[in-house]
Amino acid sequence: MREYNDTIKYWDNIFGQANIYDPRKVIKIQKIEKGISWLVKDSKSIVDFGCGNGAVLFRSLYQGIEYGYGIDISNNAIKIANKIIREFNLENKVDVICGGIEKLSGVNSNSFESAVLFNILDNLKPEDSINLIKQIHRIVKPNGKILLKLNPYITAEERKEYNFIEISQEFYKEESGLYLWNLTEAKLHEIISPYFIIEKHEKIEFKEFNIINRMYYLRNK
Ligand SMILES: C[S@@+](CC[C@H](N)C(=O)[O-])C[C@H]1O[C@@H](n2cnc3c(N)ncnc32)[C@H](O)[C@@H]1O
């Protein structure tokens, strides 16, 4: 966990300045709402690793899921999610806990029907990312659905401009202190294809931040 001290500091600072919000509110990016609709269809439970303040978890609930479980390493993020749970009487429908990848080992196999991995898989140390894939494969039932969102592939020119520090091949520490495993499409396929089938993928534009994310609809093998 010590390796994630800078990550924790970064996200605790962000979420420390944030307030509770209305969890029923539709997410502005339509493709994300659609992705959640796909995820919750015929699915009763969802696990969200790196859930932040719970935005996707709560939207999944209001779109029809019966139970959600979120894990995040930032205590301040979990505090906000917990405040929302209390404020909106969601105590029987959602649990969130503070912690890292180790928390997934305590979750029973085949105990969830779907999972969310939003901007987390490529922000861990590569060995933890591989472990995350294996844990999600184990925890989600066969044929269950996983919605995965990743950062864009960052080119050499951009990496120079952003002052990334290279730790190992295609693995960087950003100026913010966050890790980035800069995954090409080929590398992503290599690491996920033993466990998941890619049913669909699309680009998501965040106009406010001038950034494009990659989103994948995955089916558990
Ligand atoms: C970009 S935010 C995404 C939040 C949320 N998934 C969403 O889409 O709204 C990344 C989140 O991952 C969490 N995170 C980063 N490293 C983590 C780790 N090693 N274990 C658990 N959570 C982690 C951060 O605290 C942060 O809340």
Side-chain angles (χ1 to χ4, degrees), residues 1-23 25-36 39 46-63 68-84 94-107 114-136 139 146-152 154 167 171-174 176-181 183 204-206 208-209 211-216:
M1 194 100 142
R2 216 172 334 124
E3 297 124 315
Y4 289 98
N5 278 353
D6 289 343
T7 302
I8 296 170
K9 211 188 278 174
Y10 178 87
W11 287 111
D12 268 349
N13 182 40
I14 299 274
F15 288 112
Q17 298 169 40
N19 288 319
I20 69 160
Y21 56 92
D22 186 343
K25 231 172 136 190
V26 167
I27 293 174
K28 274 192 215 149
I29 316 270
Q30 235 187 0
K31 282 184 181 171
I32 296 186
E33 278 287 325
K34 272 199 172 164
I36 296 173
L39 200 60
I46 191 165
V47 56
D48 183 345
F49 185 76
C51 65
N53 58 8
V56 178
L57 204 53
F58 295 131
R59 277 307 297 152
S60 306
L61 267 191
Y62 288 108
Q63 281 208 33
Y69 184 55
I71 301 171
D72 199 282
I73 208 164
S74 159
N75 198 29
N76 284 346
I78 293 298
K79 268 191 202 161
I80 297 180
N82 267 324
K83 272 189 197 163
I84 292 171
V94 195
D95 287 305
V96 289
I97 57 161
C98 184
I101 188 88
E102 73 290 344
K103 296 285 183 204
L104 287 173
S105 342
V107 180
S114 53
V116 172
L117 298 174
F118 269 20
N119 301 89
I120 182 73
L121 185 73
D122 50 347
N123 292 115
L124 300 178
K125 296 175 69 194
E127 61 267 36
D128 290 337
S129 303
I130 300 293
N131 189 13
L132 176 60
I133 292 169
K134 289 182 180 168
Q135 290 288 351
I136 293 295
I139 289 166
I146 298 109
L147 197 61
L148 169 71
K149 187 153 70 66
L150 295 179
N151 294 288
I154 310 291
I167 300 173
F171 179 53
Y172 304 93
K173 198 156 192 189
E174 300 178 8
S176 59
L178 299 181
Y179 293 120
L180 178 72
W181 190 10
L183 291 167
I204 304 213
E205 207 180 338
F206 293 87
E208 254 175 84
F209 306 106
I211 200 166
I212 291 186
N213 273 192
R214 301 173 273 177
M215 193 163 83
Y216 303 83

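First listed ligand is number 1; within each ligand, the first listed atom is number 1. Only heavy atoms go into these numbers, but all of them, side chains included; no hydrogens, no water, no symmetry mates.
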From I204 atom CD1 to I32 atom CD1, the distance as rounded to the nearest 0.5 Å: 4.5 Å
Protein heavy atom at shortest distance from atom 14 (N) of ligand 1: I120 CD1, 3.4 Å
Atom 11 (C) of ligand 1: nearest protein contact (heavy atom, Å): D72 OD2, 3.6 Å
Option whose closest heavy atom lies nearest to atom 24 (C) of ligand 1, chosen from W11, F15, Y179, Y4: W11
Shortest protein heavy-atom distance from atom 6 (N) of ligand 1, along with the residue and atom involved: G50 O, 2.6 Å
Donor-acceptor pair, side chain of D12 and main chain of N75, under 3.5 angstrom: yes
N131 and E127: side chain donor to acceptor below 3.5 Å: no
K34 side, atom NZ; I27 side, atom CD1 - distance, nearest 0.5 Å: 14.5 Å
Separation between CD1 of I84 and CG of N53, rounded to the nearest 0.5 Å: 6.0 Å
Distance from atom 19 (N) of ligand 1 to nearest protein heavy atom, with residue and atom: L124 CD2, 3.2 Å
Spatial distance of atom CD1 (I101) from atom OG (S129) [nearest 0.5 Å]: 8.0 Å
Any G99 heavy atom less than 4.0 Å to ligand 1: yes
Proximity of N119 to ligand 1 by residue part, where a heavy atom lies under 4.0 Å: both
Nearest-neighbour protein heavy atom for atom 16 (N) of ligand 1, which is reported as residue plus atom name and distance: T7 CG2, 3.5 Å
Heavy atom of the protein closest to atom 3 (C) of ligand 1 (residue, atom name, distance): F118 O, 3.7 Å
For F49, the ligand 1 atoms whose distance to one of its heavy atoms is below 4.0 Å: 20 (N), 21 (C)
Euclidean distance, N151 CG relative to N213 CG, rounded to 0.5 Å: 5.5 Å
Non-hydrogen atom of A77 closer than 4.0 Å to ligand 1: no
Y179 (side chain) donor-acceptor with E3 (main chain) under 3.5 angstrom: yes
Identity and separation of the nearest protein heavy atom to atom 22 (N) of ligand 1: I73 N, 3.2 Å
Contacting atoms of ligand 1, where contact means under 4.0 angstrom from a heavy atom of S74: 25 (O)
Nearest-0.5 Å distance that lies between atom CG in L132 and atom CG in L104: 6.5 Å
